[in-house]
Amino acid sequence: MRKKLRLGIMGGTFDPIHYGHLVTAEEALVQFNLDRVLFMPTGVPVRKSHRMVTSSEHRYLMTVIATASNPDFVVSRMEVDRPGLTYTVDTMLALRAEYGSSAELYFITGADAVWDILSWRDSDRLADVCTFIAATRPGYDLSRFEQDEVSQHINIEFMEVPALAISSTDIRTRIAQRRPVRYLLPEAVAAYVAKNQLYTDESS
Ligand code: ATP
Ligand code: MG
């Protein structure tokens with residue numbers, strides 16, 4: 001019998017993608033013995049509509065550039081190509097249909113973002129379709145999860161990763177203020193950002 005596919009899904013705005021995302025995906029790949037990690041840049045993000053998000057095409061291309069050298073990382077256009085708002089549950093159901101019922105789907109996310117996800121539309125269905133891998137900073141206090149009843153309803157695994165202090169928001173601010181971003185994201189992504197003059201306007 002063929003071995004079950006173990007697929008990690010790293011969803012994000014990736015505006016821009018940075019080493020926090022890449023370190024997290026790599027750690028999940030190894031710790032959970034995944035066959036590959038599928039990076040899924042969002043289309044029009046539901047929860048970020050207050051801010052001008054960089055075009056999907058730029059975010060998709062930066063994700064491709066950042067993951068190009070890793071044979072276990074692939075990038076999906078599924079959400080980028082879907083018109084309208086992006087709901088994670090729709091994506092997970094589409095992946096479930098594509099890979100079949102025997103595939104094991106692991107949704108990789110920051111531990112704090114798990115709380116957001118559980119308040120999303122259809123979070124119960126989401127919990128049925130996949131297991132969550134929640135990245136925490138070393139020493140992170142997990143008691144909040146252990147005590148909370150939501151964590152009884154979902155399959156959630158915790159994983160410690162370094163580099164958690166990096167964020168896209170901070171990188172965008174740094175670029176607008178002409179402060180350094182080297183070593184926070186891959187050089188080729190930083191070059192793409194400069195070439196396309198992304199994030200130069202502080203007000204956005
Ligand atoms: P923003 O600052 O715009 O919110 P972000 O850095 O949080 O951007 P997202 O694209 O929103 O990046 O994040 C995608 C996923 O990666 C989310 O699940 C988020 O929790 C996780 N993530 C973001 N930054 C890190 C990090 N430094 N380490 C581990 N996981 C991260
Ligand atoms: Mg975020």
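Positions are given from 1, in the same order as the sequence printed here. Remember, it's 1-based here, ligands and their atoms both numbered in the order they're listed.
Near Ile166, the atoms of ligand 1 lying under 4.0 angstrom from a non-hydrogen atom of the residue are 24 (N), 26 (C), 27 (N). Which parts of ligand 1 touch Gly12 is read off a 4.0 Å heavy-atom cut-off, strictly below it: atoms 10 (O), 14 (C). Every atom of ligand 1 with a heavy atom of Thr13 under 4.0 Å away is listed here by number and element: 10 (O), 11 (O). Here is the list of ligand 1 atoms found below 4.0 Å of a heavy atom in Ser167: 2 (O), 6 (O). Numbered from 1 in the order shown, with element, the atoms of ligand 1 that lie under 4.0 Å from a heavy atom of Gly110 read 18 (O), 19 (C), 20 (O), 21 (C). Short contacts between ligand 1 and Gly20, defined as distances under 4.0 Å to a heavy atom of the residue, involve ligand atoms 26 (C), 27 (N), 28 (N), 29 (C).
For a threshold of 3.5 Å applied to N or O pairs, the pair formed by Ile108 and ligand 1 contains no separation below that value. Residue Ala113 has no N or O atom closer than 3.5 Å to an N or O atom of ligand 1. Looking at Met10 next to ligand 1, no N or O pair under 3.5 Å apart turns up.
Between the side chains of Asp15 and Ser168, not a single donor N or O lies within less than 3.5 Å of an accepting N or O.
A continuous path of ILVMFWY side-chain contacts below 4.5 Å connects Leu95 to Leu5, so both sit in one hydrophobic cluster.
The aromatic rings of Phe14 and Phe39 lie tilted to each other, with the angle between the two planes from 30° to 60°.
By the side-chain contact (heavy atoms from CB on, under 4.5 Å) test, Thr131 pairs with Tyr106, Asn155, Glu157, sequence neighbours left out.
Ligand 1 has Thr24 within reach: a non-hydrogen atom of the residue lies less than 4.0 Å from it. Proximity of Gly11 to ligand 1 is established by a heavy-atom distance of less than 4.0 Å.
The closest non-hydrogen atom to atom 22 (N) of ligand 1, taken over His21, Arg172, His18, comes from His21.
The CG atom of Asp35 sits 8.5 Å away from the CG atom of Leu29 when rounded to the nearest 0.5 Å. Between the CD atom of Gln197 and the OG1 atom of Thr200 there is a distance of 6.5 Å, given to the nearest 0.5 Å.
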Just list the side-chain donor-acceptor pairs under 3.5 Å for residues 70-79, sequence neighbours left out, or say none.
{"unit_1": "Asn70", "atom_1": "OD1", "unit_2": "Asp72", "atom_2": "N", "d": "2.9"}
{"unit_1": "Asn70", "atom_1": "ND2", "unit_2": "Glu26", "atom_2": "OE1", "d": "3.1"}
{"unit_1": "Ser76", "atom_1": "OG", "unit_2": "Met78", "atom_2": "N", "d": "3.0"}
{"unit_1": "Arg77", "atom_1": "NE", "unit_2": "Asp81", "atom_2": "OD1", "d": "3.3"}
{"unit_1": "Arg77", "atom_1": "NE", "unit_2": "Asp81", "atom_2": "OD2", "d": "3.1"}
{"unit_1": "Arg77", "atom_1": "NH1", "unit_2": "Glu57", "atom_2": "OE2", "d": "3.0"}
{"unit_1": "Arg77", "atom_1": "NH2", "unit_2": "Glu57", "atom_2": "OE1", "d": "3.1"}
{"unit_1": "Arg77", "atom_1": "NH2", "unit_2": "Asp81", "atom_2": "OD1", "d": "2.9"}
{"unit_1": "Glu79", "atom_1": "OE2", "unit_2": "Thr91", "atom_2": "OG1", "d": "2.5"}

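Between Tyr192 and His58, the gap from one ring centroid to the other is short of 6.0 Å.
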